[in-house]
Amino acid sequence: MTLMHPEFKRNEAVGLDLGWINQIRVNRAATDRRAASLANRRTVKKEYQAAWLVKAIQMIDLTTLGGDDTPGRVERLCIKAMRPLRADLMEALGLTQLSTGAVCVYHEMIQPAVKVIQGRLPIAAVSTGFPAGLTSMETKLREIELSVAAGASEIDIVITRQHVLNGNWQVLYDEMLAYRKACGEAHVKAILATGDLLTMENVAKASWVCMMAGADFIKTSTGKEGVNATIPVALTMVRTIREYHEQTGFQVGFKPAGGVSSAKSALQYLTLMKEELGNEWLQPHLFRIGASSLLTDIERQLEHYVTGSYSANHRHAQP
């Protein structure tokens with residue numbers, strides 16, 4: 001299940017244009033200046049901030065990707081995803097219905113998620129040898145197929161980073177094309193693991209190649225790299241999305257992941273999306289935030305707005 005506007009047209013593979021890829025350059029100094037202006041900007045306040053934070057909840061891929069995950073933990077995660085705010089806060093904010101954008105789990109935890117969600121939210125599964133992506137292609141494709149068969153409607157794949165580092169763009173394109181085909185009707189998010197790609201040019205080129213091969217989303221990180229989502233990387237990626245849309249007419253989604261744990265950081269990403277891509281992208285079918293602890297901080301901020309005081313973290317349900 002992927003919720004989207006009825007007129008939305010899914011991204012399709014367009015042929016790999018190596019001439020375009022090879023000419024890509026990123027002005028790092030200008031990118032950093034623009035990113036700093038976003039990071040240092042004063043945020044919206046009071047009821048406007050509350051409204052933006054509610055919007056941020058709708059964009060969260062509520063995630064658990066621990067080696068100690070259990071069916072019980074995933075079931076609690078799914079309940080929290082469908083009821084992200086306490087009833088008293090919902091009432092005070094005038095909300096009757098609210099959920100996160102999706103839940104994101106390992107393949108082995110799809111069935112517990114399906115049991116609880118029962119089609120009411122998308123279930124995303126990480127795949128293709130997540131997080132390193134260093135398993136055989138046969139294994140990667142079979143993993144995707146099994147996850148889709150188990151009930152995942154979105155697949156978060158990891159690209160093979162060596163293809164980027166070695167400039168093997170045709171190989172990366174063919175790999176992404178195969179992942180897209182294996183997903184079938186399930187939507188595919190391409191994780192670039194940007195912290196491993198060394199340069200902004202590599203980030204931009206990898207983004208373009210994955211979009212050319214039919215990725216529905218491009219995603220910053222697995223959350224397991226030394227450096228995960230950052231505003232400069234996000235800015236570079238969303239600008240490739242804008243250019244791709246201008247050239248092809250296809251809208252590709254964006255997902256920052258890893259280290260987005262505060263309400264303030266979520267607001268920065270929402271601002272970036274609004275200013276670089278427009279309000280049309282501020283929808284769950286085109287923007288997600290991969291996070292596990294972000295929801296707790298947003299809930300605390302909304303409680304402060306409603307009551308005038310903060311509560312301790314332990315008072316908020318943890319997935």
Side-chain angles (χ1 to χ4, degrees), residues 11 17-44 52 56 59 158-159 161 163-167 169 172 176 189-213 215 217-248 250-262 264-282 286-291 294:
N11 185 31
D17 184 345
L18 287 174
W20 178 265
I21 298 300
N22 290 330
Q23 61 81 42
I24 290 174
R25 300 291 183 272
V26 176
N27 184 328
R28 183 59 191 265
T31 298
D32 287 344
R33 284 195 300 272
R34 171 64 171 144
S37 75
L38 289 164
N40 295 330
R41 185 172 305 172
R42 293 182 64 184
T43 60
V44 290
W52 275 73
M59 309 299 169
V158 289
I159 65 169
R161 278 76 113 183
H163 300 332
V164 179
L165 298 174
N166 294 329
W169 306 116
L172 177 61
M176 186 67 232
K189 306 191 197 87
I191 308 173
L192 305 187
T194 55
D196 292 342
L197 300 188
L198 301 183
T199 70
M200 287 296 187
E201 280 82 8
N202 280 345
V203 170
K205 290 177 180 181
S207 297
W208 266 96
V209 171
C210 288
M211 290 188 291
M212 288 175 170
F217 266 72
I218 50 175
K219 175 179 171 182
T220 61
S221 319
T222 66
K224 310 293 186 181
E225 291 84 53
V227 177
N228 295 290
T230 67
I231 294 294
V233 160
L235 180 62
T236 298
M237 292 174 70
V238 299
R239 286 183 169 174
T240 67
I241 289 172
R242 185 176 65 202
E243 292 168 352
Y244 183 79
H245 178 242
E246 290 170 352
Q247 291 198 22
T248 69
F250 292 118
Q251 294 176 294
V252 174
F254 175 63
K255 179 179 174 180
V260 188
S261 58
S262 70
K264 180 179 179 180
S265 62
L267 291 173
Q268 288 173 353
Y269 283 104
L270 284 168
T271 301
L272 183 152
M273 296 297 288
K274 179 179 174 64
E275 295 193 359
E276 293 290 330
L277 293 173
N279 288 335
E280 193 173 358
W281 257 265
L282 291 177
L286 287 171
F287 180 50
R288 300 281 182 78
I289 301 172
L294 171 62

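Position 1 is the first residue of the sequence; numbering continues from there.
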Could you measure the distance from the CD1 atom of Ile24 to the CE atom of Met200? Nearest 0.5 Å is fine. 14.0 Å

dist Thr236:OG1 -> Ile231:CD1 (nearest 0.5 Å) comes out at 11.0 Å

Using side-chain heavy atoms (C-beta onward) and a distance below 4.5 Å, is Lys205 in contact with Leu172? no

Between NZ of Lys219 and NZ of Lys255, what distance do you get to the nearest 0.5 Å? 3.5 Å

Quick one: does Met273's side chain get under 4.5 Å of Leu282's, heavy atoms only? yes

Does the side chain to side chain contact (heavy atoms under 4.5 Å, CB included) test come out yes or no for Arg242 and Leu277, once each step is laid out? CA-CA 6 Å; Arg242 185 176 65 202; Leu277 293 173; 3.5 Å; yes

Can you find a pair of side-chain heavy atoms, one from Trp208 and one from Trp20, that are under 4.5 Å apart? yes

What verdict does the side chain to side chain contact (heavy atoms under 4.5 Å, CB included) test give for Val238 and Trp281, after you've listed the backbone C-alpha separation in whole Å, the side-chain angles of each residue and the deciding distance to 0.1 Å? CA-CA 10 Å; Val238 299; Trp281 257 265; over 6 Å; no

Rounded distance [0.5 Å steps], CE in Met212 versus CD in Gln247: 7.0 Å

Side-chain touch Arg34/Glu276, heavy atoms, less than 4.5 angstrom: yes

For a 4.5 angstrom cut-off between non-hydrogen side-chain atoms, does Pro256 reach Phe287? yes

Would the distance check show the side chain of Tyr244 and the main-chain N or O of Val252 forming a donor-acceptor pair, the cut-off being under 3.5 Å? no

Is the backbone N or O of Glu225 less than 3.5 Å from a side-chain atom of Asn228, with the two atoms forming a donor-acceptor pair by type? yes

I'd like to check Ile218 versus Lys189 (side-chain heavy atoms, cut-off strictly below 4.5 Å). Are they in contact? no

When rounded to the nearest 0.5 angstrom, what is the spacing between CZ in Phe254 and OG1 in Thr240? 9.0 Å

Hey, could you give me the CG/OG distance between Asn202 and Ser207, rounded to the nearest 0.5 Å? 10.5 Å

Do Leu272 and Leu235 come close enough that some side-chain heavy atom pair is under 4.5 Å? yes

Do Leu192 and Met237 have side-chain heavy atoms sitting under 4.5 Å apart? yes

Would you sort out whether Val209 and Ile159 count as a side chain to side chain contact (heavy atoms under 4.5 Å, CB included), showing the intermediate values? CA-CA 11 Å; Val209 171; Ile159 65 169; over 6 Å; no

Step by step, would you call Leu38 with Tyr269 a side chain to side chain contact (heavy atoms under 4.5 Å, CB included)? CA-CA 9 Å; Leu38 289 164; Tyr269 283 104; over 6 Å; no

Can you check whether Val26's main-chain N or O pairs, donor with acceptor, with Glu201's side chain at less than 3.5 Å? yes

Do other residues, nucleotides or ligands put more than 12 heavy atoms under 6.0 Å from Lys224 NZ? yes

